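In what follows, a single structure is set out as structure tokens and then discussed.
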Amino acid sequence: MERSEIVRRTWEALEPHLAEQGYELVEIAYVCEGHRATLRLFIDKQGGFTLNDCTAVAQLVSPLLDAADFISSRYYLEVGSPGIDRPLRKPADFERFIGENVKVRAVEPVEGRKKFKGVLTGFRDGLIVLDCGGTICEIHIENLERANLDR
């Protein structure tokens, strides 16, 4: 199974269960380094995320992943915080972090460029709106390769 399919199925299998427990699934990465595969879950919650939360989430999701059984090879599970440069993926992320500095990379060029850095000023009708040093830039969320807080 391809990595993107593993990530997609992991989102589907885990996100509702994590939300029920007050956790937000921020990002998933499935990486293979040599003969070692690692499934990384980046989690957040209101009020902050602690080491105890990492343990609790791992204990919650391990049996769910085992029951779903869509990852055929052995892998290591890592649970952690999204960090200071938290990824932004969902419309709710862009609405939540209005006023923050962000870095955005588009899949297809917008006004001749793919990389943007500025203040997130809005999100409406699928458009991420940035103030890039006095110039307003709009990138459609479907043209988003990646976006992160820039703290």
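Treat the numbers as computed from the prediction; the structure is a model and nothing was measured.
For K117, the NZ atom is loosely surrounded, since the number of other residues' heavy atoms within 6.0 Å does not exceed 12. Within a 6.0 Å radius of NZ in K103, no more than 12 heavy atoms belonging to other residues, nucleotides or ligands are found. Few gaps surround CZ on R151; more than 12 heavy atoms of other groups in view lie less than 6.0 Å from it. At most 12 heavy atoms of other shown residues, nucleotides or ligands fall within 6.0 angstrom of atom CZ in R146.
The cluster map of Ile, Leu, Val, Met, Phe, Trp and Tyr, joined by side-chain heavy atoms under 4.5 Å apart, puts V57 and I71 in the same cluster. Both V110 and L88 belong to a single network of hydrophobic side chains, linked directly or stepwise wherever heavy atoms of I, L, V, M, F, W or Y lie under 4.5 Å apart. Residues L39 and W11 are members of one and the same hydrophobic cluster, defined by side-chain heavy-atom contacts under 4.5 angstrom among Ile, Leu, Val, Met, Phe, Trp and Tyr. Residues F94 and L149 share a hydrophobic cluster, clusters being chains of Ile/Leu/Val/Met/Phe/Trp/Tyr side chains in contact below 4.5 Å.
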Which donor-acceptor pairs under 3.5 Å do the side chains of residues 26-38 make with protein atoms, sequence neighbours left out?
unit_1: E27; atom_1: OE1; unit_2: R89; atom_2: NE; d: 3.4
unit_1: E27; atom_1: OE2; unit_2: R89; atom_2: NE; d: 3.2
unit_1: Y30; atom_1: OH; unit_2: S73; atom_2: OG; d: 3.4

What donor-acceptor contacts under 3.5 angstrom involve side-chain atoms of residues 119-129, with partners at least two apart or in another chain?
unit_1: T121; atom_1: OG1; unit_2: V129; atom_2: O; d: 3.2
unit_1: R124; atom_1: NH2; unit_2: E138; atom_2: OE2; d: 3.0

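Contact annotation: the side chain of I136 never approaches that of L130 to less than 4.5 Å [non-hydrogen atoms, C-beta and beyond]. In this structure the side chain of P91 reaches within 4.5 angstrom of the side chain of I141, judged on heavy atoms. Two residues are said to be in side-chain contact when any heavy atoms from C-beta on lie closer than 4.5 Å; D150 and N148 fail this criterion. When side chains are defined from C-beta on, R86 does not count as touching E100, because their heavy atoms never get closer than 4.5 Å. Counting heavy atoms from C-beta on, the side chains of F70 and T10 come closer than 4.5 Å. Counting only heavy atoms from C-beta outward, the side chains of L65 and Y75 approach each other to under 4.5 Å.
Evaluated for a side chain to side chain contact (heavy atoms under 4.5 Å, CB included) with Y23, the options V79, I43, V61, D44 yield exactly one hit, I43.
Note that CZ of R105 is 13.0 Å distant from CD1 of I139, once rounded to the nearest 0.5 Å. Rounding to the nearest 0.5 Å gives a distance of 9.5 Å between CD of E145 and NZ of K115.
Side-chain atoms of K114 do not come within 3.5 Å of backbone N or O of E108 as any donor-acceptor pair.
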